[in-house]
Every structure is written in structure tokens, then in C-alpha cells.
J.: 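Input: one structure, supplied below.
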Amino acid sequence: MSRRVDHTKTIFVLWCVLSTAFSIPSPSTPPQKLDEQLYTTRRTPKVIVDFPAFKSKQSLPVVNFELKSTTTMTVESTTTTTHRSFSTEQPLYRLDRSNGQACILLQVDALITVKYRTKLGEDQEANIYVPNDATVTGNCDNENTATMSLKWKAFLLSWSFAKTPGGERWYVEKIELTYNSSDRHFEHIDQPNKTIRVSTGQKHSSMLFPTPVGKSYACSEEREIPLTDGKNVASVLLRDMKLQPFKFKNNEFAAEFSCTALSARGFRDETAPVAVGSTLAAAVLLTITGYAAYRHFMIKKVKYDTME
């Protein structure tokens, strides 16, 4: 009996061993499945990583919406850059008629220089830029004359325009600067609280920027215009200027009339008068010389005959 029991125990032990041995492969399947699951789990992020650009493009507005402050800063930076690029161009001053249509356009970077004397007897210079937001006033109701003024703080820069008698050209008749000597730009000035008015000179004394009517005067070169009242001295430096009065078609500058063409034309115009003047001077000189020689010989002959 005990022997049979031992045999049964042996069979039981063998069965346990065999069961354990044969049970080893069966758990090997779960690791494979687990491995596949892990692989799938790892691949899912890879799928997401493979499409970040696609997702970011779709989610970009959401991100910008969520980061509203960041988007606002970016827009402000772009606006500032645009404003600065616009400011590299010259400010535009425009005078309109009563119907709202432009009659005078002026685009220029203008710098005013005023010379003055301090209470200590020293000569000083004050530089004042014409601001972009200067108040524009004027009158362009007349067909042959027009005025435009730029006003800011204690300064008033006035332009007077006119046409030539035939109406073929327009020109700047006068530029006038009016300012108060108590402005902060004039430190320790010897004569404060005075209204000073300086200009290019008397009426019809000069024709600045003569341009065919219907065209705009354009000049990229610097042009300094002296101003005085006989005692006080100032000047206006005009840079990259574009100017057109007597407009009647639209609110934009017409075809340009370059200052270089004006200079070349002026040179040709001056050459002929010089040549004619030189010729006349030579003719007059020859006439006087001939007459003097004639008088000399004739008087000498008369005296000689009388003596005989």
C-alpha cells in the first residue's frame, strides 16, 4: 500500500513538473501580445509626431488665439515696422478745397535753422524740424495765386504760389517764417517775447521752383532757402521735396518735373544771354574805338590845314 502511495506521489510530482514545463510556452504569448501592445503604444505617439506640422497648422490660429498677448505684440511690432518704413518717406502736407479735393500737395523733410544772439552776446543756431502733424491752412480759391501755411507751436511756415503771366508755369513766389523769440529752442535769447517774420524777399524778387502747370516739382537734392528781414537771419533746408499747387484733377501728384531738368534748362537759358551780351559789348567797344580813332585823325587833319 505504501508503495502504491509512493508511486502516486511520484506521478503527482511528475504531473506537476510536466504541467509547469508545458505551462511555460503559454505565458510566452502574453509577452508577445504585450510587446505588440507596447509597440502599438509607442507607434501611436510616432503617428502624432509624424503629423505635428499638420496639427500645428490647424491649431496655429487656436494657439495664437490662446496666446493673444503674444499675437498682439507681434502685430504691434509689424505695425511699428510699417510705420517706420512709412516715416522714411517724407511727410505729406495737403490743403483741400471746400469740396474736399486737394489743391496743394507738399511732401518734404524740412529743417528750419534760426540764428540768434544770446544775452551774453554769443551767436547761436536753433534747429527746428517741421513736424508731420503740422496744421495746414491756406487759400486756393484764386486761379492764379494760392497760399499754404504749416503751423505748429510758436512757428508758422507760409508758402505763396503764383503763375507766370501766360499761365504756363507756376512757381513759389515767397516763403515766409514767423516765430516767437520766447520759444524753448532759443535759449537765453537777448530779445525774448518778440514776433519775428523772415522771408525770401520782396514780391516778384525771385521765382522759386518754376514748373509747368499740371506737373509736380520733384527734387531729391537738398535745397537751402535763405530767409531774412534785414536783421534776423534764418533758412529752410528742403530735402526730398515734391510740390504741386493748382491741382484740379485728383488727390495725387501729377507727372514729375525734376529739378535736374530745371537746372539744365536754366543753364541753357543763361548761356544765350551771356553770348548775346558779350557780342553786344564787343560791338559797342569796337564802335567806340572806331569813333575815337576817327575823331583823332580828323581833328589832327583840321588843325594841320589851319596852320597852313
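Just so it is clear, the model here is predicted, and its values are computed rather than measured.
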J.: With a 4.0 Å cut-off, would you call D123 and R117 a salt bridge?
T.: yes
J.: Tell me every residue that passes side chain to side chain donor-acceptor pair (under 3.5 Å) with K194, counting only those two or more places apart in sequence or in another chain.
T.: Q191
J.: Flag yes if more than 12 heavy atoms outside Q101 fall under 6.0 Å of its CD atom; otherwise flag no.
T.: yes
J.: Please determine which of P210, P245, C259, S258 meets the side chain to side chain contact (heavy atoms under 4.5 Å, CB included) test together with Y217.
T.: C259
J.: Answer whether the closest heavy-atom distance between the side chains of L208 and W159 falls below 4.5 Å.
T.: no
J.: Do V108 and L243 come close enough that some side-chain heavy atom pair is under 4.5 Å?
T.: no
J.: Can you name the nearest heavy-atom pair linking Y93 to N132, along with the distance?
T.: CE2-O, 3.7 Å
J.: Does the plane of the ring in W170 sit parallel, tilted or perpendicular to the ring in F161? Use 30° and 60° as the thresholds.
T.: perpendicular
J.: Begin with the C-alpha distance, continue with both residues' side-chain angles, and end with the deciding distance and a verdict on side chain to side chain contact (heavy atoms under 4.5 Å, CB included) for T211 and F246.
T.: CA-CA 11 Å; T211 304; F246 306 109; over 6 Å; no
J.: I'd like to know if the side chain of K174 and the backbone of S158 have a donor-acceptor N/O pair within less than 3.5 Å.
T.: no
J.: Contact between L238 and F209 at the side-chain level, heavy atoms closer than 4.5 Å - yes or no?
T.: yes
J.: Taking side chain as C-beta onward, heavy atoms only, is L150 less than 4.5 Å from V136?
T.: yes
J.: Taking the side chain as every heavy atom from C-beta outward, state whether R184 and K153 have any atom pair closer than 4.5 Å.
T.: yes
J.: Test S181 against every option in I189, V114, T195 by the side chain to side chain contact (heavy atoms under 4.5 Å, CB included) rule and name the one that passes.
T.: I189
J.: Heavy atoms, side chains only, cut-off 4.5 Å: are L177 and V236 in contact?
T.: no
J.: Could you verify whether a donor N or O on one side chain and an acceptor N or O on the other, from S220 and D240, lie under 3.5 Å apart?
T.: no
J.: Near R94 CZ, under 6.0 Å, is it more than 12 heavy atoms from other residues, nucleotides or ligands?
T.: yes
J.: Would you please name every residue forming a ring-ring contact (aromatic ring centres under 6.0 Å, His included) with Y116, sequence neighbours left out?
T.: F186
J.: Kindly give the heavy-atom pair with the smallest separation between K231 and T228, and that separation in Å.
T.: N-OG1, 4.1 Å
J.: If you define the side chain from C-beta out and look only at heavy atoms, does anything of N232 sit under 4.5 Å from V198?
T.: yes
J.: How close do D190 and T118 get, heavy atom to heavy atom, and via which atoms?
T.: CB-O, 3.6 Å
J.: Any donor-acceptor pair under 3.5 Å linking the side-chain atoms of S182 with those of N193?
T.: yes
J.: Grab the two heavy atoms, one from A254 and one from S216, that are nearest each other, plus how far apart they are.
T.: O-OG, 3.1 Å
J.: Would a 4.5 Å heavy-atom cut-off, applied to side chains only, mark T260 and E221 as touching?
T.: yes
J.: Is there a donor-acceptor contact under 3.5 Å from the side chain of N251 to the main chain of A102?
T.: yes
